[in-house]
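Data first, discussion second: the structure below is written as structure tokens.
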Amino acid sequence: MSRRPIIAGNWKMHNNRAESAKLVCAIKEAIQDIDKDALPEVVVAPVFTSLGVVSENICHCGCERIKLAAQNCYFEPKGAFTGEVSIDMIKDFGAKFIIIGHSERRQIFSETDEMINKKAIAIIEAGLTPIICCGETLEQRELGVTDSHIASQIVKALDNVKPSDIANVVIAYEPIWAIGTGKTCDSTEANRVIKVIRNTLAQIAGRENAEKVRILYGGSVKPETIKEQMAQSDIDGALVGGASLKAESFVEIIKGAMK
Ligand code: PEP
């Protein structure tokens, strides 16, 4: 089963509009002459306030090499939800992906598995693709509950999602102790956990659908680590935080994930 790799940059709460435009243009320029079929699917997730300017620099210019994502959404279509942004509002910018369940959202903003499931269902209904994050804390890893914790996060996030829709979601395995710490999870261990995720998906959606799901690794991915990560059987790309904030390092990671 060949799955097209994805390299997604999560810009987190960085970059105003001018900085976002500069970054996306630099990425665009660096990859514009590369054969499209050799490139991984390249995704950038700016802050909500930069969705417009990034969209203008990619979607509206017919750049097929970069896709737009949001870092979060709310599951209700509209109403009295101060500070939230709906999926249709994000879709309006031409976004194709929405990251949900990032550990920063779970830990800092108390997002629950139930909320993440509601978001996943609403994103799929809107015709977009959720990038569903999961991952264990260092404490859970040391207690030996990594696999059961991750399996439970996946089962809960995809409750009531049709097996054929599960085939199209993207999962990001992001051990929390590796995010923003410079400590990358060993590639073979990341691959092992990703296989646990794929087996969990097979139990809920069937093996054929599970084999189609792209599962990314995230956690201090750098230009120096990507080749080894991509050489693993089940790692289908990367969700990149810090190293996606500089065009040079992000482009190196993209190139490292090329066929
Ligand atoms: C992330 O925020 O999803 C992430 C993986 O960050 P970093 O690459 O900086 O560890």
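As the structure lists them, so they are numbered: ligands from 1, and atoms in each ligand from 1. Worth knowing before you read on, the calculation uses all heavy atoms, side chains too, and leaves out hydrogens, waters and symmetry mates.
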Taking every heavy atom of Ala151 against every heavy atom of Thr200, the minimum-distance pair comes out as CB-OG1, 3.7 Å

Shortest protein contact, [atom] (heavy atom only):
atom                   : answer
atom 9 (O) of ligand 1 : Gly242 N, 2.8 Å
atom 3 (O) of ligand 1 : Glu174 OE2, 2.6 Å
atom 1 (C) of ligand 1 : His102 NE2, 3.3 Å
atom 8 (O) of ligand 1 : Gly241 N, 2.8 Å

Counting from 1, what ligand 1 atoms have a heavy atom of [X] closer than 4.0 Å?
X      : answer
Leu239 : 3 (O), 5 (C)
Ala178 : 10 (O)
Gly219 : 5 (C), 10 (O)
Ser220 : 7 (P), 8 (O), 10 (O)
Gly180 : 7 (P), 9 (O), 10 (O)

Indicate whether the side chain of [X] and that of [Y] have a donor and an acceptor atom separated by less than 3.5 Å.
X      : Y      : answer
Lys22  : Asn15  : no
Gln140 : Thr137 : yes
Asp88  : Ser86  : no

For residues 152-165, which side-chain donor-acceptor pairs fall under 3.5 Å, sequence neighbours excluded?
from	atom 1	to	atom 2	distance (Å)
Ser152	OG	Lys156	NZ	3.4
Gln153	OE1	Gly135	N	2.9
Gln153	NE2	His149	NE2	3.3

Any N or O of Glu104 that comes nearer than 3.5 Å to an N or O of ligand 1? no

Carboxylate-amine/guanidinium contact [X] [Y], below 4.0 Å:
X      : Y      : answer
Glu189 : Arg141 : yes
Asp236 : Arg4   : no
Asp234 : Arg192 : no

With a 4.0 Å heavy-atom cut-off (strictly under), which part of Asn10 contacts ligand 1: side chain, backbone, both or neither? side chain

